[in-house]
Amino acid sequence: MSNFHIQETPEVFDVIIVGSGAGGGMAAYQLSKAGAKVCLLEAGGYYDPADPKYITQLKFPWESPRRGASTTRPFGDFDAAWGGWQLEGEPYSAAPGTEFHWFRSRMLGGRTNHWGRISLRFGPDDFRRGTLTGIGDDWPITYDDVAPYYDKVDKLIGIFGSKEGLRNEPDGHFLPAPKPRLHELMLKKAGKNLGIPVIPSRLSILTKKINDERGQCFYCSQCGRACQVYADFSSSSCLCKPAVKTGNTRLINGAMVREVLTDQKTGLCTGVSYVDTATLQERTVRGKIVVLAASSCESARLLLNSKSARFPNGLANSSGVIGKYLNDSTGASRSAFIPALMNRKRYNEDGVGGMHVYTPWWLDNKKLDFPRGYHIEYGGGMGMPMYGYGMGIHGMNGKYAYTDGKSLPSGGYGSRLKEDARRFYGAYVGMAGRGEPIPLESNYCEIDPNNVDKYGIPTLRFHYKWSENEVKQAQHMQDTFEEMIHEMGGIALGNKPGKEQNYGLEAPGKIIHEIGTVRMGSDPKKSALNSFMQGHDVKNLFVVDAAPFVTQGDKNVTWTILAMSMRTSDYIIDQVKQKNL
Amino acid sequence: MKRRDTLKSIALGSLGMATVPSTDLVAAPPEKPLPIPGGRQKSEAIRDAKLMAEKFFTPHELKTITVLCDIILPADQKSGSASQAGVPAFIEFMAKDQPVHQTPLRGGLAWLDSESRKRFNKKFVELTKPQQIEIVDDIAYPEQAKPQYSQGVAFFNKMRDMTLTGFYTTRMGFDDLGYVGNTPNNWEGVPEEVLKQYGLSYE
């Protein structure tokens with residue numbers, strides 16, 4: 001019965017990397033360029049946004065029978081992410097009275113295929129909030145340790161932005177930023193009047209060509225669909241494929257890792273075991289170094305599931321900290337109708353994917369009743385109509401007179417509805433706050449004692465509740481949104497969410513910025529990893545996704561994942577040269 | 001019957017298994033591999049193909065939907081009608097794709113026929129245009145409708161939503177709207193005359 005035989009790859013790799021998202025892709029790229037023999041394991045399938053088999057970019061809504069509705073993909077039919085908050089056969093749970101929503105993308109490049117490309121560096125303060133405010137913890141490293149790597153990532157991957165000289169929003173090596181669209185100019189003007197900065201966004205999109213492998217942005221605004229000329233950053237396009245091209249990285253798709261294997265005598269990792277998702281065969285692959293980049297919660301799950309006599313609490317977990325301090329960005333939003341934009345002139349304003357301007361955190365928390373800041377992301381414009389376009393018109397069309405000055409009762413039917421669809425088109429703006437939470441020990445994931453996934457791998461159970469700090473931050477966001485809307489001459493839509501709705505604060509996990517579950521720190525009693533994201537207990541184990549991060553700032557951590565993964569890769573190269581690994 | 005299947009059938013027959021109905025001996029035609037449209041995952045393609053092979057609305061219901069859609073968005077000087085843009089088929093698909101729509105739509109159509117029978121002793125599609133409009137006028141204006149028509153109002157709101165979305169996500173809808181994006185472009189900022197119109201500038 002060969003089915004029950006565990007197949008072992010005879011080769012011993014220098015490095016095994018689990019996960020091909022931002023962290024794993026960067027490690028594979030950096031290590032294979034340095035000559036290491038790398039095995040890159042990805043639980044999902046192969047993906048290439050330049051292959052017609054996978055392309056959704058530039059498709060029209062009528063190419064989807066549901067016109068792009070989100071029935072099977074949470075962000076709609078054309079979104080590049082495979083997966084979502086629920087995966088068939090891969091459940092998770094939450095303890096009663098708590099809530100966490102876990103978004104997973106099973107595909108080469110992981111969630112980097114559809115993300116917003118918002119690429120914000122942390123500032124100096126973001127690494128030492130504990131010291132600065134007396135709440136929360138500092139990182140074991142400072143901005144100066146990471147800055148050189150942010151610089152390298154800027155140049156390697158490409159980012160646009162503008163030099164602003166803001167102390168805690170450090171400037172990078174920026175390509176030219178696209179000019180604001182009409183509604184963004186209005187936002188900028190409103191912000192100026194209110195003393196709220198509205199500056200060019202910082203997105204990893206190539207407004208200029210940077211090498212021969214990747215093209216230049218052609219302004220279709222569809223980065224969420226992943227770019228067929230690789231003008232946006234996806235780990236699959238920009239890191240994994242070049243890593244494989246070196247000849248030093250072997251990519252294995254459909255490899256759902258079950259556990260990290262260790263030598264009970266030395267206490268070192270020897271490889272990983274995984275399930276081949278196509279054949280359900282058990283396989284092992286051997287390596288001298290194991291690098292986890294499976295995403296914060298998946299990496300924590302893997303370590304907690306890698307139990308042995310020597311590591312009864314899971315691997316690298318003598319501190320017991322793994323799973324704890326799970327935290328997602330806060331998020332709240334509001335949208336508005338801008339009467340001045342009715343009946344606007346048509347032209348192509350698709351622009352880059354997402355916003356051309358944003359508001360970095362601009363206030364001093366010492367003068368506020370919540371300890372951490374947020375940034376504001378803006379949406380709007382004459383976007384492509386998709387499923388949902390025109391819905392709810394009866395809430396609008398009776399309130400505003402037609403061009404001939406006449407008003408008609410709300411709702412109705414006939415040619416007037418076509419005029420409504422035309423006159424309200426492109427006359428809305430949306431704003432969303434993304435804020436820094438305080439990581440709490442009491443927010444955590446653990447192995448669910450009662451459940452396994454379809455591969456027989458024990459699943460996660462979450463415990464997560466927002467604290468008053470995050471709720472008050474959301475309240476402040478809502479007040480700011482209304483100020484901005486009012487200043488623009490807009491009309492806020494819907495009711496302002498109040499205390500009973502936590503001021504519109506999104507449920508944990510909904511912003512898909514979760515971090516913190518395999519904490520780094522200088523004290524092995526309180527952290528699992530050292531300042532190079534190397535196991536305190538297991539020196540040939542590294543974690544290079546966002547699990548090691550102590551905090552997330554309000555900065556959408558992808559750029560920091562890339563910088564930190566590059567930094568750890570350089571450290572691994574150095575330690576191997578020094579024969580410490 | 002393919003030659004291989006014929007041979008198989010003869011072979012089995014020669015073993016004295018003639019009691020087996022011969023149709024069972026014919027192998028099912030090999031399933032045509034499902035074409036997977038670009039950008040879809042296999043599981044999605046299978047699901048879509050299955051939904052498209054199913055029928056939800058009866059011919060009568062679809063006919064009623066078509067009449068309603070064209071009252072909501074008729075052809076005019078600017079563009080065609082909802083049914084010309086394929087809206088009824090879109091609504092049929094959405095009812096299967098998101099079953100949450102099924103009862104409100106089917107029930108709403110039944111409500112409409114019931115109301116038609118009460119007033120005119122006929123189904124909605126059999127009414128004259130003025131009769132149809134008389135009923136529609138009672139349910140098309142949420143703020144003015146009498147309380148006894150509230151369910152009809154909710155149904156008509158849903159029909160209006162589905163019809164608008166179905167229409168404006170087609171080429172006909174794009175042309176009506178004047179949407180000119182979704183094509184390679186070079187963004188150089190808001191056109192000068194638009195900046196002037198709004199009193200804005202890049203300075």
Side-chain angles (χ1 to χ4, degrees), chain A residues 52-56 58-63 65-69 71-72 78 82 88 178-182 185-186 189 218-222 340 344-352 382-394 398 409-415 417-418 421-422 425, chain B residues 36-41 43-44 47-48 51-52 71-74 76 78-79 90 93-94 97-98 136 140-144 153 156-157 160-162 164-171 173-174 176-191 193-195 197-198 200-202:
Chain A
K53 211 161 120 188
Y54 305 109
I55 292 174
T56 55
L58 295 180
K59 285 198 191 293
F60 286 97
W62 55 87
E63 295 178 70
R66 59 188 63 73
R67 312 286 166 85
T71 319
T72 62
F78 301 109
W82 299 343
E88 176 74 35
K179 285 181 177 174
R181 306 172 180 98
L182 182 57
L185 284 173
M186 296 170 100
K189 189 176 161 192
F218 54 79
Y219 303 99
C220 74
S221 86
Q222 297 168 17
R344 55 187 295 198
K345 185 180 161 58
R346 306 299 199 249
Y347 51 92
N348 183 338
E349 67 163 4
D350 281 348
V352 302
M382 296 186 283
M384 179 158 51
M386 302 292 285
Y387 183 82
Y389 185 81
M391 288 190 181
I393 196 81
H394 58 277
S410 297
Y413 57 88
S415 286
L417 290 180
K418 289 185 181 174
R422 293 188 289 261
Y425 175 60
Chain B
I36 301 171
R40 306 307 293 154
Q41 287 187 276
S43 59
E44 294 169 319
R47 184 176 178 276
D48 285 356
L51 293 181
M52 287 196 249
I71 289 172
I72 292 168
L73 292 182
D76 59 15
K78 186 99 187 180
S79 55
F90 163 73
F93 181 84
M94 288 315 297
D97 188 49
Q98 300 183 353
V136 165
Y141 301 95
E143 286 165 13
Q144 299 177 345
V153 169
F156 198 82
N157 283 343
R160 191 192 297 108
D161 282 353
M162 297 299 271
L164 276 164
T165 265
F167 183 83
Y168 282 101
T169 50
T170 61
R171 170 57 72 192
F174 274 27
D176 177 278
L177 202 58
Y179 173 72
V180 291
N182 196 35
T183 181
N185 182 36
N186 187 25
W187 171 252
E188 282 165 340
V190 179
E193 71 272 20
V194 177
L195 286 176
Q197 182 191 345
Y198 290 91
L200 293 164
S201 75
Y202 279 114

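Below, read A as the first sequence line, B as the second, and so on, with proteins coming before strands; counting in each chain starts at 1. For the numbers below, each heavy atom of this structure counts, side chains included, while hydrogens, waters and symmetry mates do not.
- Within the 4.5 angstrom heavy-atom criterion, only side-chain atoms of B/Leu200, from C-beta onward, approach chain A.
- Looking at A/Gln222, only its side chain comes within 4.5 Å of chain B, counting heavy atoms on both sides.
- Taking 4.5 Å as the limit, every side-chain heavy atom of A/Pro61 sits out of range of all side-chain heavy atoms of B/Tyr168.
- The two residues A/Lys418 and B/Phe167 make their nearest non-hydrogen contact at CE-CZ, 4.0 Å.
- Taking each heavy atom of B/Phe156 and A/Gly412 in turn, the nearest pair found is CE2-O, 3.7 Å.
- Taking every heavy atom of both residues into account, A/Tyr347 and B/Val190 meet most closely at OH-CG1, 3.6 Å.
- Considering only heavy-atom pairs separated by less than 4.5 Å from chain B, the leading option among A/Ala340, A/Gly398, A/Ala69 is A/Ala340.
- Neither the backbone nor the side chain of B/Ile36 has a heavy atom closer than 4.5 Å to any heavy atom of chain A.
- Heavy atoms of other residues, nucleotides or ligands lying less than 6.0 angstrom from CD of B/Glu193 number more than 12.
- A/His394 is listed as a side-chain neighbour of B/Arg160, based on a closest heavy-atom distance under 4.5 Å.
- Proximity to chain A is limited to the backbone of B/Ser201, based on heavy atoms less than 4.5 angstrom apart.
- Residues A/Met384 and B/Phe174 approach most closely at CG-CZ, 3.5 Å, considering heavy atoms.
- For chain A, the nearby parts of B/Gln41 are the backbone and the side chain; heavy atoms of each come within less than 4.5 Å.
- Interface remark: B/Arg47 contributes side-chain atoms only to the contact with chain A (heavy atom separation under 4.5 Å).
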